[in-house]
Amino acid sequence: MAVRIAPSILSADFSRLAEEVEAVERAGADLIHVDVMDGHFVPNITIGPMVVKAIRPHAKKPLDVHLMVSPADPYIEAFCDAGADGVTVHPEAGPHVHRTLQHIRACGKRPGVVLNPGTPIDAIDNLLDLVDLVLIMTVNPGFGGQVFIERQLRKIEAAAERIARAGRVIDLEVDGGITPETARRAVDSGATILVAGTSVFRGGASAYPSNIAALRG
Ligand code: DX5
Ligand code: ZN
């Protein structure tokens, strides 16, 4: 199956989010990646459920909500009600990631688990019966525009092997520093969804179709 592209609206023009979502969808986006940051789990503050609710009517594609908040549990329902299609959480964000993933599933949404660069791959081993998505961070979370951490390619490969053994359909998403060059390497390592902020949103809306096409290789 061809790789899917999930533009991160972290790099969009926040004063025109609805138009930006519509523009990347016209340009070929497969999902819309929403980076939620709390200034505590990561050193940046971005958007909350109200913004997800505001953009929901403007998006035809699934909203892929990446929660970089701690604790995450008190906010799961709010993001689900706001229109998230998938909700992805970090094991470090709360004491019981398994329960958090069950909660996302109980809300009727797609649960995802995300590993920071310093988090070992084993962290997904007891979660693969629960998740629809594994996200491997190829930068430390908190900011767009950082450099892809090469070493994480091995973790993408390891995740792909574990997913193949799990015997369920689970997406393998990669987030951070994705360019046409790193996209190819991530896909060669097993990625099925690429998150990209900087490399999608550069150059204005007229460049989005070619930016997205370049990531497909
Ligand atoms: C980082 C976020 C990423 C980020 C990617 O904390 O999770 O989704 O926006 O941005 P680029 O593509 O610029 O590295
Ligand atoms: Zn993200």
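Both ligands and their constituent atoms are indexed starting at 1 by order of listing. Just so it is clear, the model here is predicted, and its values are computed rather than measured.
- Salt-bridge check for Lys53 with Asp81: failed, with every basic side-chain N at 4.0 Å or more from each acidic carboxylate O.
- Near Met37, the atoms of ligand 1 lying under 4.0 angstrom from a non-hydrogen atom of the residue are 6 (O).
- The side-chain contact (heavy atoms from CB on, under 4.5 Å) test with Glu20 is passed by exactly one of Val200, Asp13, Ile55, Ile32: Asp13.
- The heavy atom nearest to atom 5 (C) of ligand 1, considering only Asp175, Leu135, Leu215, is found in Asp175.
- Note that CG of Leu130 is 12.5 Å distant from CZ of Arg99, once rounded to the nearest 0.5 Å.
- Its N, O or S atom nearest to the Zn ion (ligand 2) is what matters here, and for Asp35 that atom is OD1.
- Of all N, O or S atoms in His66, the one lying closest to the Zn ion (ligand 2) is ND1.
- Of all atoms in ligand 1, numbered sequentially from 1 with element shown, those under 4.0 Å from a heavy atom of Met137 are 7 (O).
- Close approach of ligand 1 to Thr198 is summarised as follows: ligand atoms under 4.0 Å from at least one heavy atom of the residue are 11 (P), 12 (O), 13 (O).
- Using a 4.0 Å cut-off to heavy atoms of Gly176, the atoms of ligand 1 that qualify are 14 (O).
- Counting heavy atoms closer than 4.0 Å to ligand 1, residue Ser8 contributes side-chain atoms (C-beta onward) but none from N, CA, C or O.
- In terms of polar-atom proximity, defined here as any N/O pair under 3.5 Å, Gln146 makes no such contact with ligand 1.
- Between Phe201 and Tyr208, the ring-plane angle classifies as perpendicular under the 30° and 60° cut-offs.
- A salt bridge does not link Arg185 to Asp188: none of the charged nitrogens lies less than 4.0 Å from a carboxylate oxygen.
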(message) One pair to check against side chain to side chain contact (heavy atoms under 4.5 Å, CB included): Asp175 and His66. What are the steps and the verdict?
(response) CA-CA 10 Å; Asp175 185 1; His66 175 191; 3.3 Å; yes
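- Taking the Zn ion (ligand 2) as reference, the nearest N/O/S atom within Asp175 carries the name OD2.
- Side-chain contact check for Glu92 and Ser70: no donor-acceptor pair (N or O, by modelled atom type) lies under 3.5 Å.
- A salt bridge is defined here as a Lys NZ or Arg NE, NH1 or NH2 lying under 4.0 Å from an Asp or Glu carboxylate O, and Asp132 with Arg168 meets this definition.
- Looking at Ser11 and Ser8, their side chains never bring a donor and an acceptor atom within 3.5 Å of each other.
- Checking only distances, Pro141 never comes within under 3.5 Å of ligand 1, N or O to N or O.
- Nearest protein heavy-atom contact of atom 14 (O) of ligand 1 is Gly177 N, 2.8 Å.
- Near His33, meaning under 4.0 Å from one of its heavy atoms, ligand 1 places the atoms 8 (O).
- Below 4.0 Å from some heavy atom of Met68 lie the following atoms of ligand 1, by number and element: 6 (O), 7 (O).
- Atom CG of Asp122 is separated from atom CG of Leu115 by 9.5 Å, given to the nearest 0.5 angstrom.
- Considering backbone and side-chain atoms alike, Gly145 places an N or O below 3.5 Å from some N or O of ligand 1.
- A salt bridge links Arg162 with Asp125: at least one charged nitrogen is closer than 4.0 Å to a carboxylate oxygen.
- Counting only heavy atoms from C-beta outward, the side chains of His33 and Pro7 never approach each other to under 4.5 Å.
- Looking only at heavy atoms of the protein, atom 1 (C) of ligand 1 is closest to Phe143 O, 3.6 Å.
- For Ser199, the closest heavy-atom approach to ligand 1 does not fall below 4.0 Å.
- In the model, Asp73 has no side-chain atom that pairs as donor or acceptor with a side-chain atom of His103 under 3.5 Å.
- In terms of N/O distances under 3.5 Å, ligand 1 is not approached by Gly144.
- Contact annotation for Val195 and ligand 1: only side-chain heavy atoms (C-beta onward) come within less than 4.0 Å of the ligand.
- Residue contacts with ligand 1: Gly197 is placed with a nitrogen or oxygen under 3.5 Å of a nitrogen or oxygen of the ligand (distance criterion only).
- Atoms of ligand 1 found under 4.0 Å from any heavy atom of Asp35, numbered from 1 in the order shown, are 2 (C), 3 (C), 4 (C), 7 (O), 8 (O), 9 (O).
- Taking a 4.0 Å cut-off on heavy atoms, Phe148 fails to register as neighbouring ligand 1.
- The protein heavy-atom contact nearest to atom 6 (O) of ligand 1 is Gly142 N, 2.7 Å.
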